[in-house]
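Read the structure below first, then the notes.
In each ligand, atom 1 is the first atom listed, and ligand 1 is the first ligand listed.
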Amino acid sequence: MLLLRLRTDVGDGWGECSALAAPTYLADHLDGEERLLSTLLLPQLLAVDDVEVDSLDATLGLVGHPTARAAIVAALVDARLRSAGMSLADQLGVGGSAVPVGVVVGIDDVDAVVAQAVEAAEAGVGRIKLKIRPGHDLEPVQAVREAVGEDVELHADANASYTPDDLGLLQLLDEQGLGLIEQPYAPDRLLDSASLQRELVTPISLDESIDSPARAVDALELGACRSVSCKAPRLGGIDRAIAVHDVCVDRGAGAWAGGMFESGVGRHAVLALAALPGMTEIGDVGPTTAYLAADVVEQVEVDDGTVRVHDGPGIAPIPDPEVIDELGEAHTEFTR
Ligand code: MG
């Protein structure tokens with residue numbers, strides 16, 4: 001995990017680069033983004049006097065690398081919010097909200113998947129997302145549905161693992177009462193996804209395909225999906241996640257707040273985004289304790305299947321310096 005602490009004229013701001021270790025979800029990967037930030041982006045930022053989110057693209061001239069941009073955007077926004085004594089939720093007009101928890105269950109043997117899903121359902125989780133791929137789809141979906149009953153919304157995330165040759169499999173999944181099927185085809189297959197959506201009753205939601213607000217417009221206009229994952233690290237920042245949310249609201253499409261494998265610094269932004277009024281589906285807003293032994297910020301409390309959105313200054317609580325000292329592997333400082 002890579003945290004960015006930006007010292008600005010108005011105070012410190014924190015952001016997280018949520019790239020994965022390997023380029024398996026996005027082209028971004030953590031070592032590459034760390035190098036890009038250290039050798040190019042942070043020196044460019046330090047060379048200019050007034051950096052704002054609105055002028056960031058003109059300053060950096062950056063193509064791609066959404067997770068690196070998202071870390072900078074978060075740190076800039078966090079610094080501004082802290083100096084104003086405001087939370088991100090306040091700025092978004094959703095202060096004081098609580099959002100329903102959605103958990104993600106990875107690919108595992110079916111008994112293990114069912115056990116995780118039952119545990120989540122017993123904890124009051126309103127949505128369970130099952131990761132699927134060809135050969136691990138119908139069986140776990142049916143087994144989980146049988147185990148948790150009809151009250152829990154089930155989503156299936158294919159992470160681009162199907163092709164149009166798998167239409168028959170996807171039609172079987174279509175009969176399972178899923179709330180949505182996420183990213184069945186490769187990210188660049190918008191027309192194929194539109195053909196598939198015409199065959200399916202279940203809404204398709206796109207995640208990896210949507211790399212910008214303009215792409216969200218294209219995908220919805222083509223009928224390639226009926227809902228979109230508003231995920232700041234994939235899109236390049238909170239600003240763009242909000243823009244995609246607004247695209248979905250304008251077009252009457254579904255939307256939800258997507259999360260990454262991230263610390264609470266990134267996760268709190270997801271929680272605030274998840275409280276936006278146009279988020280029609282429960283997002284990836286489970287506590288980070290589901291996959292982390294320790295976090296740099298206080299854990300969010302799950303209460304009756306919901307989590308309170310951070311209402312103190314900034315996007316998230318300030319990371320604990322002792323935890324960072326204890327768990328941090330490397331620390332680099334750049335000054336102008
Ligand atoms: Mg996904």
Side-chain angles (χ1 to χ4, degrees), residues 16 18-29 66-67 70 99 101-108 113 116-117 120 125-134 136-137 140-141 144 153-163 166 170 173 176 178-190 192-193 196-197 200 202-213 215-216 219-220 224-236 240-241 244-245 247-248 253-262 266-267 269-271 273-274 279-286 288 290-291:
E16 177 165 7
S18 311
L20 301 181
T24 50
Y25 168 74
L26 295 169
D28 289 17
H29 70 297
T67 59
V99 291
V101 173
V103 303
V104 182
V105 178
I107 289 176
D108 204 337
V113 168
Q116 289 178 66
V125 162
R127 181 222 73 180
I128 298 169
K129 174 167 27 182
L130 304 177
K131 294 284 188 179
I132 58 166
R133 68 178 175 221
H136 177 91
D137 39 27
V141 166
V144 167
E153 175 108 333
L154 285 189
H155 292 182
D157 184 2
N159 284 113
S161 58
Y162 294 81
T163 73
D166 299 312
L170 293 161
L173 280 177
Q176 306 307 314
L178 294 165
L180 55 84
I181 297 176
E182 186 180 332
Q183 195 70 47
Y185 292 164
D188 57 355
R189 291 205 159 201
L190 288 186
D192 288 328
S193 191
L196 177 62
Q197 183 65 90
L200 302 183
T202 311
I204 293 176
S205 190
L206 290 180
D207 180 16
E208 287 93 325
S209 288
I210 309 300
D211 53 2
S212 69
R215 193 87 69 197
L220 291 169
C225 60
R226 294 194 198 129
S227 95
V228 176
S229 146
C230 305
K231 188 181 287 186
R234 188 195 72 243
L235 289 158
R240 293 184 183 166
V244 170
H245 162 270
V247 162
C248 292
W256 50 279
M260 297 287 287
F261 179 79
E262 61 204 344
R267 183 50 56 95
V270 183
L271 290 169
L273 291 169
M279 297 297 187
T280 56
E281 310 285 342
I282 299 176
D284 300 334
V285 293
T288 58
Y291 51 85

*Let me see the working for I128 and E153 under side chain to side chain contact (heavy atoms under 4.5 Å, CB included), right down to the final yes or no.*
CA-CA 6 Å; I128 298 169; E153 175 108 333; over 6 Å; no
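Of the possible donor and acceptor atoms, one in the side chain of Q183 sits under 3.5 Å from a partner among the backbone N and O of D207.
In this structure, a donor-acceptor pair under 3.5 Å is present between the side chains of Y162 and D137. Counted by atom type alone, S205 and W256 present one or more donor-acceptor pairs between their side chains at under 3.5 Å.
Within the 6.0 Å centre-distance limit, the rings of F261 and Y291 are counted as a close aromatic pair.
Between E208 and R234, none of the side-chain N atoms (NZ, or NE/NH1/NH2) sits under 4.0 Å from a carboxylate O, so this pair counts as no salt bridge.
The tally of protein N/O/S atoms under 2.8 Å from the Mg ion (ligand 1) stands at 3.
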